[in-house]
Amino acid sequence: MATRKRTRDSGPYTCGLPEWFGRTLDAWSDTIETRGISEVIDSYDNLIVHVDQQGLFGGDRREADVLAGIFDGEQNRLVVHGLV
């Protein structure tokens, strides 16, 4: 399994998403679950996303829970790293 270098600002552009891509939870869900939107994401059999426990993932935010729920833990996995 290949991995991409972790960057501070991994977002729509580093994921190979088109300019028209929305930044809503529905758009991310379609991209991760359905595939067919990003050749970069689709090129991996298993998608593992690493995020720091800050910003969206810094506390009890409904949006973070919804986004985390998109990842099934098998083919698509979200790993939240605590801050040191």
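The analysis underlying the following values was restricted to heavy atoms, covering all of them including side chains, and did not include hydrogens, waters or symmetry mates. None of the values given here were measured: they were computed from a predicted structure.
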Let me confirm one number: the CZ-CG distance from Phe71 to Leu47, rounded to the nearest 0.5 Å. 6.0 Å

Within the distance-only criterion (no hydrogens, no angle test), does the side chain of Ser43 pair as donor or acceptor with the backbone N or O of Val40 below 3.5 angstrom? yes

Results of side-chain contact (heavy atoms from CB on, under 4.5 Å) for [X] - residues two or more places apart only:
X     : value
Asp42 : Arg35
Val80 : Val51, Gln53, Phe57, Leu78
Leu56 : Arg61, Glu63, Ala64, Leu67
Glu33 : Ser29, Ile70

Is there a side-chain contact between Ile37 and Asp30 in this structure, where contact means two heavy atoms from C-beta onward sitting under 4.5 Å apart? yes

Please identify each residue that fulfils side chain to side chain donor-acceptor pair (under 3.5 Å) with Ser38, with sequence neighbours left out. none

Please evaluate residues Val79 and Val49 with respect to the criterion side-chain contact (heavy atoms from CB on, under 4.5 Å), reporting the C-alpha separation (whole Å), side-chain torsions for both, the decisive distance (0.1 Å), and the verdict. CA-CA 6 Å; Val79 179; Val49 176; over 6 Å; no

Provide the closest heavy-atom pair for Asp45 versus Gln75 in the form atom of the first, atom of the second, distance.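 Here Asp45 and Gln75 meet closest at O-CG, 3.1 Å.
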
Which pairs with one or both residues in residues 67-84 pass salt bridge (Lys or Arg N to Asp or Glu O under 4.0 Å), sequence neighbours excluded? none

So does Glu39 have more than 12 non-hydrogen atoms from other groups sitting under 6.0 Å from CD?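 No, CD of Glu39 has 12 or fewer neighbouring heavy atoms, counting only those of other groups under 6.0 Å.
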
